[in-house]
Amino acid sequence: MTDSQVPENRGKLARRTVLMASGAAVTAVGVGGALSVNASAEEAAPKTHASAETCYTLTSELVEGPYYIDADKIRRDITEDQEGIPLTLELKVIDADTCKPLRNAAVDIWHCSATGVYSGYESSGNGGGGPAPTGPPPSGTPTGEPPTGGPAGGGGGHQEPTDDDRFLRGTWHTDRHGHVTFKTIFPGWYQGRAVHIHTKVHVDGTWTDEGYEGGHTCHTGQFFFDEKSVLASAEVAPYSANTSTRTTLTEDTIYPQNGHTGGLLYLKYDKRNIAKGVRAHLTMGVAPDETHDSSDTQPSPSASPSAS
């Protein structure tokens, strides 16, 4: 299906009877100036051919979280009117067994605003735990144990939407090379979770004028940001107004602590001025014949009950 066959800013997914999963990849391009780069062999490898190691490494399955909505808009630019640091997220989905790209897979992404609020759940406030906080920006690296309290609906438990807003949510199809690109903003944070983006990849369905119908979910996961980039973002408005207790990547109980296999993004941005924008990339290996709808990916035993 070509881009012209799918509405850029409008449209809804038909309700799917089978939950779907996400496998995606993100590719970063440099922004002008001095760059902060999380480099690796993957960046040096040709994008047309994945390494043997990549082919046999499945991207970690993680919990869906309580705020997934199976009726997102069919679009690549999910920003709407949300303020924040521009983020270009370039994803690639491949079959982990064959290294072949998955064409016409439906990729969902969704995440909170700069102040930690999810669309569709604004009445729940910051991460489902009350109003978005304001005041002086957080400073330094949080210390001590991760929070043990938090709002209801943590882990993989789903909550029904409370409003009709759908900012920072969207679905688009991969091209013949398995690539898909989204325009959004750098996510904010809320108590109990490190900065992250949720994702699902759906395969074997059909694209229609109404969106994507049928198929199944082959991957449910999350993307994560390194601590250096998060600290840099915290100095920029409106992130600087978010005084919610921040959880670091090493404290997060959902992130599997296994690097890029677990969803840690490769990032590029001007280290002198992250406000100019961030580009991120990651190649994700999925098992297209399997179903991973988050029911098989519960939080670790040490996970807190805070929202996912």
Side-chain angles (χ1 to χ4, degrees), residues 1-26 64-82 87-95 100-113 118-122 156 158-185 197-223 284 286-295:
M1 180 184 66
T2 63
D3 291 356
S4 62
Q5 292 176 303
V6 180
E8 177 67 23
N9 295 312
R10 301 188 62 183
K12 290 186 176 180
L13 287 178
R15 192 70 186 173
R16 293 181 285 272
T17 57
V18 181
L19 288 178
M20 313 186 306
S22 106
V26 194
E64 174 186 293
Y67 304 130
Y68 176 60
I69 300 176
D70 187 22
D72 291 350
K73 292 184 176 181
I74 308 300
R75 58 186 181 178
R76 290 175 291 183
D77 189 338
I78 67 173
T79 309
E80 291 194 18
D81 59 352
Q82 294 299 299
L87 173 67
T88 299
L89 186 63
E90 297 178 359
L91 315 174
K92 183 176 181 180
V93 186
I94 65 170
D95 184 320
K100 292 182 179 179
L102 295 186
R103 181 178 184 177
N104 281 335
V107 179
D108 299 331
I109 67 167
W110 70 101
H111 62 85
C112 70
S113 68
Y118 281 92
S119 64
Y121 301 87
E122 290 188 81
H158 178 71
Q159 291 186 13
E160 290 301 313
T162 58
D163 59 70
D164 294 330
D165 286 333
R166 296 294 183 266
F167 57 81
L168 305 180
R169 297 177 180 273
T171 302
W172 198 254
H173 59 88
T174 57
D175 63 18
R176 64 191 181 93
H177 300 295
H179 293 129
V180 61
T181 300
F182 291 97
K183 297 288 186 179
T184 183
I185 63 169
I197 295 175
H198 292 268
T199 185
K200 282 180 175 286
V201 173
H202 318 289
V203 295
D204 296 335
T206 302
W207 288 96
T208 70
D209 291 339
E210 298 300 320
Y212 189 78
E213 300 179 359
H216 69 277
T217 303
C218 64
H219 174 75
T220 298
Q222 298 181 26
F223 302 125
M284 301 184 73
V286 303
D289 295 332
E290 298 180 9
T291 296
H292 296 288
D293 58 10
S294 189
S295 62

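Computed from a predicted structure; not experimentally measured.
- Between F182 and V107, the shortest heavy-atom contact is CZ-O, 3.5 Å.
- Under the 4.5 Å side-chain criterion, counting only non-hydrogen atoms from C-beta, H111 is in contact with I185.
- A distance of 12.0 Å separates OG1 of T171 from NZ of K73, quoted to the nearest 0.5 Å.
- Looking only at distances, a side-chain donor or acceptor of T162 sits under 3.5 Å from a matching main-chain atom of G120.
- Side-chain atoms of T79 and D77 include a donor-acceptor pair closer than 3.5 Å.
- Proximity of V286 to V203: side-chain heavy atoms (C-beta onward) are nowhere separated by under 4.5 Å.
- The side chain to side chain contact (heavy atoms under 4.5 Å, CB included) test applied to D163 returns E122, D165, not counting sequence neighbours.
- Put simply, CZ on R166 and OG on S119 are 6.5 Å apart, with the number rounded to the nearest 0.5 Å.
- Side-chain atoms of T199 come within 3.5 Å of backbone N or O of D108 as a donor-acceptor pair.
- Note that the CD1 atom of I197 and the CG atom of L168 stand 9.0 Å from one another [nearest 0.5 Å].
- T220 has its side chain out of reach of Y68: every pair of non-hydrogen atoms, C-beta onward, lies at least 4.5 Å apart.
- Checking I69, I109, I78 one by one against R169, the side-chain contact (heavy atoms from CB on, under 4.5 Å) holds for a single residue, I69.
- C218 approaches A287 most closely through the heavy-atom pair CB-O, 3.4 Å.
- Partners of Q82 under the side-chain hydrogen bond (donor to acceptor under 3.5 Å, both in side chains) rule, at least two apart in sequence or in another chain, do not exist in this structure.
- Q159 is not listed as a side-chain neighbour of Y118, based on a closest heavy-atom distance of 4.5 Å or more.
- Within the 3.5 Å criterion, the main-chain N or O of P288 finds a donor-acceptor partner in the side chain of H216.
- Looking at residues two or more places apart in sequence or on another chain, you find no side-chain hydrogen bond (donor to acceptor under 3.5 Å, both in side chains) involving T181.
- For D175, the side chain to side chain contact (heavy atoms under 4.5 Å, CB included) partners two or more places apart in sequence, or in a different chain, are H177, H179.
- Between W110 atom CH2 and T184 atom OG1 the span is 13.5 Å, to the nearest 0.5 Å.
- Counting all heavy atoms, side chain and backbone alike, G205 lies closest to Y212 at N-OH, 2.7 Å.
- Under the side chain to side chain contact (heavy atoms under 4.5 Å, CB included) criterion, P101 pairs with no residue at all, not counting sequence neighbours.
- Not counting sequence neighbours, the partners of K183 by the side-chain hydrogen bond (donor to acceptor under 3.5 Å, both in side chains) test are T88.
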(request) Test W172 against I74 for side-chain contact (heavy atoms from CB on, under 4.5 Å), laying out the working first. (result) CA-CA 6 Å; W172 198 254; I74 308 300; 3.9 Å; yes
